[in-house]
Novice: 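Below is one structure. I have some questions about it.
All values reported here derive from a predicted model rather than from experimental measurement.
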Amino acid sequence: MTRKFFRAVSCATGTQDRVLADVFASGSESDFAQTHGLASVRTYRDFADRVPIQTYADLAPHIERVRNGDVRALFSPGERILMFALTSGTTAQPKYIPITRRALADYRAGWNIWGVKAILDHPGCLLRHIVQVTSPMNDHVAPSGVPCGAISGLLAATQKKLVRKYYTSPLAIAAISDSTAKYYAIMRMAVPKDVGWLVTANPATLLVLARSADEHRETLIRDIHDGTMTNAMNVEPAIRDALAPLMKPNTQRARELEQIIRRTGSLYPKDYWRLGFLAHWTGGTMGLYRTQFPKFFGDTPARDIGLVASEGRMSIPLDDGTASGVLAVASQFFEFIPANEYGTTKPSTLRSHELTVGEEYFLLLTNFSGLYRYDLGDRVRVTGYMGGAPMIEFLSRDAHTSSLAGEKLTENQVVLAMEKATSGGESITNFILSPRWAEVPFYRLYVDAAAVRDVTTLAARLDRELCTTNIEYDSKRKTLRLGPVEVVALPENRLAERDHNLRAQRARTAEQFKHQYLLSRPGLDADLDSMRAMQKA
């Protein structure tokens with residue numbers, strides 16, 4: 001499989017041509033294909049001329065027909081939809097991505113290539129247990145009767161038994177509705193095992209898992225010793241029944257854990273597992289979390305899982321310590337909009353072999369989920385080439401870009417500036433920078449008061465680093481078109497509570513939720529501004 005993929009990478013342009021032709025063939029009888037005359041398309045340029053760039057809003061009426069059972073809206077008659085993968089949209093309503101057999105096969109192939117390379121680089125992890133977090137694939141059912149939920153649930157449910165037996169979490173755990181109970185259950189099943197590596201999308205999830213085991217260490221050790229699951233955790237009865245036969249008393253492991261606590265005063269993964277690597281997103285804003293990892297995981301290396309979303313896999317990282325990965329040229333067809341043209345009326349589009357190393361672009365996808373020239377909204381940087389395929393790293397979502405005075409500040413730049421501003425000792429991993437309108441507009445930084453020693457000093461440092469990171473921001477500050485950063489220190493945990501509420505409103509699973517460090521326009525911080533006003537009162 002990996003040899004086949006690397007052959008595809010070596011002749012990436014030809015591979016992309018074949019993928020595009022296969023997409024046309026699979027959907028040739030769809031209403032979308034007939035409306036746009038795709039049957040007579042012979043070249044990429046024909047395709048680009050006939051099909052305008054599509055947002056989810058453009059495709060939503062077609063997808064809604066598919067959800068109601070009319071697959072011909074986007075697919076040829078007889079195409080089976082396995083599920084609709086839910087993902088967060090730009091509004092409170094989720095996006096529904098149709099998953100066909102071919103889409104699932106491509107999704108799985110990308111993970112397999114990633115996994116084989118990771119294990120080859122970490123052979124000590126072979127045939128050892130894996131901690132993973134999945135969410136239900138059946139959050140609800142579409143009018144057609146097709147399940148709607150997390151694609152991670154479908155992947156886990158259809159995984160080969162040979163691989164499945166190394167997962168520490170039984171499928172039933174995905175359905176635990178209480179988050180605290182779910183994290184505890186994952187660790188209850190995992191801590192007794194010989195775990196080689198952990199994989200989640202969001203690195204924050206790994207930290208939550210590690211803290212869960214430590215915070216509930218006495219209960220956890222008792223459960224491991226007795227072969228039970230504490231009644232203090234809100235686990236549904238049917239799930240308890242499914243897990244019960246899998247929990248055997250393990251007095252030896254319980255004694256080992258007690259010895260760790262006596263020796264270290266805590267119960268952290270670095271002490272009870274022999275980890276080979278951690279797998280999670282490391283690009284864009286996710287890099288902020290890495291400062292917290294040594295406490296729990298020691299010096300365990302990180303392997304980025306790649307730019308992967310409900311819509312498909314975009315990149316496959318092949319080395320530790322980098323967010324850059326080779327473009328997944330064999331799974332879907334890619335186009336790229338130069339970053340400086342994104343959002344314009346008629347932006348130019350480039351194919352994968354036409355990109356410039358070091359430049360930034362936005363991705364368009366055409367694939368077997370019925371997406372055509374689909375604007376993913378992800379900003380990436382080209383870091384090099386492997387064979388004929390570009391290497392890309394994720395930077396940010398377009399929704400996380402702000403421009404009060406033409407500075408075009410991106411979330412990635414804000415995160416980098418904060419990392420530099422706090423490199424002297426403070427560790428601020430949860431914050432929000434919001435644009436504020438005033439006679440001279442400015443940016444306001446919201447942080448937890450407990451994380452800041454001196455708000456005035458922090459404001460000056462962050463302002464200075466933003467000037468260094470973004471030349472347009474620097475120009476607007478020097479010409480007095482932007483005012484200095486203002487810092488507002490909120491009561492402890494207010495930002496975490498805000499994320500909790502937004503997660504409940506906008507995402508079906510915790511894994512889909514991403515904390516937003518930069519708000520895109522003034523007014524989006526109204527709730528935070530109210531907190532500030534209450535403090536002053």
Novice: Are R188 and M233 side-chain neighbours, meaning at least one heavy-atom pair lies under 4.5 Å?
Specialist: no
Novice: Given side chains that start at C-beta, do those of R303 and V199 come closer than 4.5 Å, heavy atoms only?
Specialist: no
Novice: For the side chain of S212 and the backbone of V208, is there at least one donor-acceptor N/O pair under 3.5 Å apart?
Specialist: no
Novice: Between Y443 and S402, is any side-chain donor less than 3.5 angstrom from a side-chain acceptor?
Specialist: yes
Novice: Taking atom NZ of K408 as the centre, does the number of heavy atoms from other residues, nucleotides or ligands within less than 6.0 Å exceed 12?
Specialist: no
Novice: For residues Y107 and E311, is any side-chain donor paired with an opposing acceptor at under 3.5 Å?
Specialist: no
Novice: With no hydrogens and no angle check, just 3.5 Å: does a side-chain donor-acceptor pair link D106 and S331?
Specialist: no
Novice: Just wondering, more than 12 heavy atoms not from E354 lying within 6.0 Å of its CD?
Specialist: yes
Novice: Considering all heavy atoms of both residues, which atom of G196 and which atom of C125 are nearest to each other, and what is their separation?
Specialist: O-SG, 3.4 Å
Novice: Please check if the side chain of R477 supplies one atom and the backbone of L482 the other of a donor-acceptor pair under 3.5 Å.
Specialist: yes
Novice: Looking only at side chains, do D375 and Y56 share a donor and an acceptor under 3.5 Å apart?
Specialist: no
Novice: Give a yes or no on whether a salt bridge exists between R498 and D527, defined as a side-chain N under 4.0 angstrom from a carboxylate O.
Specialist: yes
Novice: How about N367 and Y374: does a side-chain donor come under 3.5 Å of a side-chain acceptor?
Specialist: no
Novice: Side chains of Y272 and L257, heavy atoms from C-beta outward: is any pair under 4.5 Å?
Specialist: yes
Novice: Less than 4.0 Å between a side-chain N and a carboxylate O, is that true for D214 and R217?
Specialist: yes
Novice: Is a salt bridge present between E486 and R436, judged by a nitrogen-to-oxygen distance below 4.0 Å?
Specialist: no
Novice: Tell me whether D474 is salt-bridged to K478, with the criterion being a basic N under 4.0 Å from an acidic carboxylate O.
Specialist: yes
Novice: Which atoms form the tightest heavy-atom contact between F336 and L363, and what is the distance?
Specialist: CE2-CD2, 3.0 Å
Novice: Any donor-acceptor pair under 3.5 Å linking the side-chain atoms of S324 with those of T383?
Specialist: yes
Novice: Check this for me: does any side-chain nitrogen of one of E472 and K476 sit under 4.0 Å from a carboxylate oxygen of the other?
Specialist: yes
Novice: Distance to the ring centre below 6.0 angstrom and angle to the axis at most 45 degrees; does that hold for R313 and W111?
Specialist: yes
Novice: Do side-chain atoms of D448 reach the backbone of A450 as a donor and acceptor pair under 3.5 angstrom?
Specialist: no
Novice: Determine whether the side chains of E341 and S348 contain a donor N or O and an acceptor N or O closer than 3.5 Å.
Specialist: yes
Novice: Ignoring hydrogens and angles, tell me if any N or O in the side chain of T200 forms a donor-acceptor pair with the backbone of T205 under 3.5 Å.
Specialist: no
Novice: Where do I392 and S315 come nearest, in terms of heavy atoms and distance?
Specialist: CG1-CB, 3.9 Å
Novice: Minimum heavy-atom separation for A279 to I305, with atom names?
Specialist: C-CG2, 3.7 Å
Novice: Would you sort out whether H280 and F293 count as a ring-ring contact (aromatic ring centres under 6.0 Å, His included), showing the intermediate values?
Specialist: CA-CA 12 Å; H280 55 82; F293 272 54; 5.2 Å; yes
Novice: Kindly compute the distance separating CG (L364) from CG (D378), expressed to the nearest 0.5 Å.
Specialist: 11.0 Å
Novice: Checking side-chain contact (heavy atoms from CB on, under 4.5 Å) between S396 and each of T410, V380, V414, which is the one that passes?
Specialist: T410
Novice: Among E419, Q413, M418, find the residue that satisfies the side-chain contact (heavy atoms from CB on, under 4.5 Å) test when tested with L416.
Specialist: E419
Novice: When rounded to the nearest 0.5 angstrom, what is the spacing between CH2 in W273 and CG in D194?
Specialist: 10.5 Å
Novice: Examine distances only and state if a side-chain atom of Q54 and a backbone atom of P52 form a donor-acceptor pair shorter than 3.5 Å.
Specialist: yes
Novice: For residues F431 and Y517, establish whether the separation of their ring centroids is below 6.0 Å.
Specialist: yes
Novice: Tell me, do L433 and L519 make a side-chain contact under 4.5 Å, heavy atoms counted?
Specialist: no
Novice: Indicate yes or no: at least one non-hydrogen side-chain atom of Y385 is less than 4.5 angstrom from one of L355.
Specialist: yes
Novice: Between D499 and H515, do the side chains contain a donor N or O and an acceptor N or O under 3.5 Å apart?
Specialist: yes
